[in-house]
Enquirer: 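I am attaching a structure below and will ask some questions about it afterwards.
Because the structure is a prediction, the values reported are computed rather than measured. Each chain gets a letter, A, B and so on, in the order its sequence line appears, and its residues count up from 1.
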There are 2 protein chains.
Amino acid sequence: MFTPTEENYLKAIYKLSGNEKEFVSTSKLAETLDTSAASATDMIQRLSKKGLVHYHKYQGVNTSPSGEKAALQVIRRHRLWEVFLVQKLKFNWNEVHAIAEELEHIKSPQLIAQLDKFLAHPKYDPHGDPIPDAEGKMAPRPTTTLNMLATGDLGKVISTKDSSSDFLLFLDKLNISLGAEIELLDYFAYDGTYSVRINHGPAITLSGKVAGNIFIEKL
Amino acid sequence: MFTPTEENYLKAIYKLSGNEKEFVSTSKLAETLDTSAASATDMIQRLSKKGLVHYHKYQGVNTSPSGEKAALQVIRRHRLWEVFLVQKLKFNWNEVHAIAEELEHIKSPQLIAQLDKFLAHPKYDPHGDPIPDAEGKMAPRPTTTLNMLATGDLGKVISTKDSSSDFLLFLDKLNISLGAEIELLDYFAYDGTYSVRINHGPAITLSGKVAGNIFIEKL
DNA sequence: AATATTATTTAGATTAACCTAAAAATAAAC
DNA sequence: GTTTATTTTTAGGTTAATCTAAATAATATT
């Protein structure tokens with residue numbers, strides 16, 4: 001079907017282009033995949049020839065319907081493996097991404113079907129990201145981040161926007177996990193920081209960057 | 001460390017050279033790995049330069065100590081994944097080999113350590129083959145096959161010599177699984193077949209080929 | 001609007017893993 | 001013990017995925 005590299009490009013293009021199906025620039029894609037712009041151009045052209053992406057020279061790329069379908073399969077596999085690693089193998093949520101990056105390229109449909117069954121058909125991965133079903137359908141990603149709340153609002157952490165190991169370890173240190181309740185006490189325009197209470201604990205300060213990477217369901 | 005292809009070659013060389021550490025011919029290796037003799041020579045020379053095999057032009061190859069260690073790690077990963085697939089994901093023993101061939105190349109030592117723990121440190125895979133521990137040590141492979149028993153002997157099935165899907169499905173049909181008790185009733189020199197009783201059931205006939213691929217512990 | 005800067009693509013090379021065909025070495029046959 | 005057949009190696013080429021450097025297009029600046 002597809003090589004692991006092709007799958008990685010499709011996934012990255014799909015994710016970067018977002019809900020609005022915006023066109024993704026070669027440089028953005030190359031940076032995401034930690035490769036050169038020349039390599040990205042090369043692969044984009046290969047994917048374009050296979051009809052997996054829409055490509056306009058110098059303008060950017062987009063997944064085509066078939067490319068999106070392929071990307072969603074990779075994302076499904078990735079997220080199911082992450083659930084397995086955390087729930088069954090007892091990994092911490094910051095350790096699973098790199099391993100799932102490898103596991104996601106094993107394409108046996110039976111394997112994924114049985115894994116999904118074994119995990120009791122999970123709907124979200126350990127970072128709160130929705131898992132596409134076998135047809136590629138999944139729950140919408142949340143849109144509200146902690147920094148969008150008004151002073152005095154109470155919210156529940158439902159997913160992380162950044163799932164880098166560093167960020168997740170930092171959240172661990174702050175005792176912020178999925179399901180945690182966060183009350184926004186105050187906003188300081190001067191340095192863009194937030195004063196919050198986590199699980200009804202003492203007031204602490206969060207940077208704007210951190211607050212912008214925590215998806216919240218308003219309560 | 002090693003590419004998946006390098007690992008496949010090391011594993012094949014290790015297995016083909018057996019307990020006696022015999023030298024393996026290029027053609028045998030190429031046939032096993034379903035590739036050309038030229039490709040095999042190519043890879044043998046690469047592995048030799050890296051000190052992973054002992055190689056004498058036109059004579060054959062052998063794993064060196066470092067090559068053997070690498071091969072045992074791959075075999076360990078392969079067999080652990082097979083246990084997972086059968087015990088946890090409920091695959092039949094004939095379906096797991098191909099999938100484990102892919103999973104075995106994921107090298108995260110943490111992943112394997114946690115998987116091993118999750119599976120409660122299994123000593124044997126679903127075909128009865130011993131699983132090397134983290135240091136590469138494992139139980140010896142059995143030596144007695146069903147066709148070595150004497151008339152009237154009773155034995156227990158402890159592993160399969162051939163683990164091809166076809167053979168395993170055939171054993172399923174005969175109701176022969178690991179742990180089954182087999183009594184050798186008679187041997188017919190004329191066509192090399194055996195009359196046996198499986199789990200104290202009715203007498204049936206097995207070919208010499210089948211009898212030679214079933215490892216037995218004499219009871 | 002012309003020029004400078006940045007982004008993108010093309011050109012040309014490299015590496016791993018393969019292939020076929022030809023050459024060389026070993027083993028088998030007469 | 002030559003000759004023939006087989007096995008193995010070498011030579012040369014291909015594809016996927018990468019790279020750097022050069023060329024071209026798009027964007028920003030003055």
Enquirer: Nearest whole Å is fine: how far is C/dT8 C1' from A/E31 CD?
Expert: 15 Å
Enquirer: Just grab all the salt bridge (charged side-chain N to carboxylate O under 4.0 Å, His left out) pairs involving residues 109-129 of chain B, residues at least two apart or on different chains.
Expert: B/R76-B/D116, B/R79-B/D125, B/D129-B/R141
Enquirer: Who passes side chain to side chain contact (heavy atoms under 4.5 Å, CB included) against B/F170, sequence neighbours left out?
Expert: B/L174, B/V210
Enquirer: B/T160 pairs by side-chain contact (heavy atoms from CB on, under 4.5 Å) with which of B/I214, B/N213, B/I176, B/L171?
Expert: B/L171
Enquirer: Where is the tightest heavy-atom contact between B/L85 and B/L103, given as atom of each residue plus distance?
Expert: CD1-CD1, 4.4 Å
Enquirer: Check the distance between C/dA16's P and B/L47's CG and give it to me in whole angstrom.
Expert: 12 Å
Enquirer: More than 12 heavy atoms of other residues, nucleotides or ligands under 6.0 Å from CG of B/D191: is that the case?
Expert: yes
Enquirer: Reading nucleotides 5-18 of chain D 5' to 3', which nucleotides get B (base under 4.0 Å from a protein heavy atom), which S (sugar-phosphate only), which -?
Expert: ---BBB-----SSB
